There are 2 protein chains.
Amino acid sequence: MNETTLCPRLAKAMDLIGKRWTGLILYQLLDGPQRFNEIESALPVSGRLLSERLKELEKEGIVERKVYTEVPVRVEYSLTDKGQALEGAIRNIEIWATNWL
Amino acid sequence: MNETTLCPRLAKAMDLIGKRWTGLILYQLLDGPQRFNEIESALPVSGRLLSERLKELEKEGIVERKVYTEVPVRVEYSLTDKGQALEGAIRNIEIWATNWL
DNA sequence: TTTGATTAGTTACTTTTAGTAATTAAATAA
DNA sequence: TTATTTAATTACTAAAAGTAACTAATCAAA
């Protein structure tokens with residue numbers, strides 16, 4: 001193992017996107033703001049991990065969390081500009097998947 | 001959890017690329033064929049996982065393994081067409097990383 | 001003929017992460 | 001008071017990753 005010339009920004013990007021479910025969560029959010037349960041229902045991810053991933057993405061400024069104090073409470077997640085900027089990468093993966101899988 | 005409308009091909013692509021180190025291994029191979037130790041030295045990945053990942057990628061037809069019976073043995077890994085087709089996706093992640101991280 | 005060097009792994013063991021299911025908090029309606 | 005709904009969290013188990021030592025193959029040097 002070593003850490004030589006590897007670009008730290010690319011490494012971080014791969015670490016973020018590469019975390020399990022993160023890519024699919026972002027893909028899901030490309031459709032627009034969605035609440036917790038919507039994302040949970042759309043993907044085979046448990047609430048435990050979805051919560052964890054959304055927190056990470058929020059911390060990185062990729063996802064925004066908005067609470068509506070309705071009854072019952074509504075929490076919506078959406079992509080920030082930084083998150084939206086990932087669309088090209090995600091669409092490219094989608095295209096590759098369509099052509100090669 | 002559910003498995004509703006999620007595109008299975010995208011899910012598989014995300015699962016492949018999303019596995020730890022896989023993105024960086026592919027990025028590394030965009031530079032051309034490389035032997036095991038070269039990849040291991042370029043990335044902070046251990047031989048154990050590098051070996052595991054390369055096997056998965058070979059099984060998926062993304063990476064090709066070629067053995068040269070020299071002394072000592074030389075094993076080179078390279079991208080197949082299917083693997084090379086991921087360049088767009090990987091470059092997009094690279095660009096995003098440059099702009100946003 | 002034994003020792004060492006080199007590459008490409010594998011094995012054994014520990015730590016971290018993920019999966020699963022049950023539980024909680026808050027706010028209200030019946 | 002009990003039930004309902006959403007958005008989580010907690011406790012526990014299973015799987016994956018990290019680490020370091022070891023192996024196989026082949027030859028050269030001592």
Side-chain angles (χ1 to χ4, degrees), chain A residues 1-4 6 8 11-29 32-60 63-79, chain B residues 1-4 6 11-12 14-29 32-60 63-79:
Chain A
M1 302 235 296
N2 82 38
E3 308 272 350
T4 48
L6 180 61
K12 181 169 182 184
M14 289 295 188
D15 188 51
L16 271 170
I17 299 175
K19 271 205 175 98
R20 208 167 214 171
W21 305 119
T22 301
L24 289 173
I25 291 166
L26 295 173
Y27 178 77
Q28 196 62 29
L29 289 175
Q34 282 170 68
R35 48 203 303 191
F36 190 87
N37 275 346
E38 283 183 275
I39 306 172
E40 195 180 12
S41 299
L43 304 175
V45 66
S46 68
R48 180 193 163 305
L49 277 207
L50 178 56
S51 172
E52 199 172 284
R53 288 297 180 270
L54 287 169
K55 259 186 214 160
E56 292 164 6
L57 291 170
E58 197 192 353
K59 206 182 94 198
E60 291 294 332
V63 156
E64 191 186 10
R65 179 178 185 269
K66 219 167 172 181
V67 180
Y68 299 86
T69 48
E70 302 170 354
V71 172
V73 70
R74 179 160 60 102
V75 181
E76 276 194 357
Y77 292 89
S78 57
L79 295 176
Chain B
M1 302 237 293
N2 81 40
E3 307 272 352
T4 48
L6 179 60
K12 181 171 182 184
M14 288 296 188
D15 188 52
L16 271 170
I17 299 175
K19 270 206 175 98
R20 208 167 214 172
W21 305 119
T22 300
L24 289 173
I25 290 167
L26 294 173
Y27 178 76
Q28 196 62 30
L29 288 176
Q34 282 171 68
R35 48 203 303 190
F36 190 88
N37 275 347
E38 284 183 273
I39 306 172
E40 196 181 11
S41 298
L43 304 175
V45 66
S46 68
R48 178 192 165 303
L49 277 208
L50 178 56
S51 171
E52 200 172 284
R53 288 297 180 272
L54 287 170
K55 261 184 213 160
E56 292 164 5
L57 291 170
E58 197 191 353
K59 206 181 93 197
E60 291 294 330
V63 157
E64 191 186 9
R65 179 178 185 269
K66 219 167 173 180
V67 180
Y68 298 87
T69 48
E70 302 170 354
V71 172
V73 69
R74 178 161 60 101
V75 181
E76 276 193 356
Y77 292 90
S78 57
L79 296 176

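Labels below follow one simple rule: chain letters A, B, ... track the order of the sequence lines, proteins then strands, and each chain is numbered from 1. No experiment lies behind these values; they were computed from the predicted model shown.
The distance from the CZ atom of Arg53(A) to the CZ atom of Arg48(A) is 8.5 Å, given to the nearest 0.5 Å.
A donor N or O paired with an acceptor N or O is not found under 3.5 Å between the base of dA20(D) and the side-chain atoms of Arg48(B).
Scanning residues 49-57 of chain B for heavy-atom distances under 4.0 Å to DNA chain C yields Ser51(B), Lys55(B).
Taking atom CG on Leu43(B) and atom P on dA17(D), their separation rounds to 15 Å, with Å as the unit. The CZ atom of Arg65(B) sits 9 Å away from the C1' atom of dG9(C) (whole-angstrom rounding). In this structure, OH of Tyr68(A) is placed 15 Å from C1' of dA7(D), rounded to the nearest angstrom. Put simply, CH2 on Trp21(B) is 10 Å from C1' on dG18(D), counting in whole angstrom units. Remark: C1' of dA7(D) and OH of Tyr77(A) are 7 Å apart, rounded to the nearest angstrom. When rounded to the nearest whole Å, the span between NZ of Lys19(B) and C1' of dA18(C) equals 13 Å. In this entry the distance linking CG of Asp15(A) with C1' of dT17(C) reads 12 Å, nearest Å. Atom CD in Glu76(B) sits about 13 Å away from atom P in dT7(C), given to the nearest Å.
Closest contact between the side chain of Arg20(B) and the listed nucleotides dA16(D), dA17(D), dA8(D) involves dA17(D).
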Interface polar pairs with nucleotides 2-6 of chain D, N/O, under 3.5 angstrom:
from, atom 1, to, atom 2, distance (Å)
dT6(D), O3', Arg35(A), NH2, 3.2
dT6(D), O3', Val73(A), O, 3.0

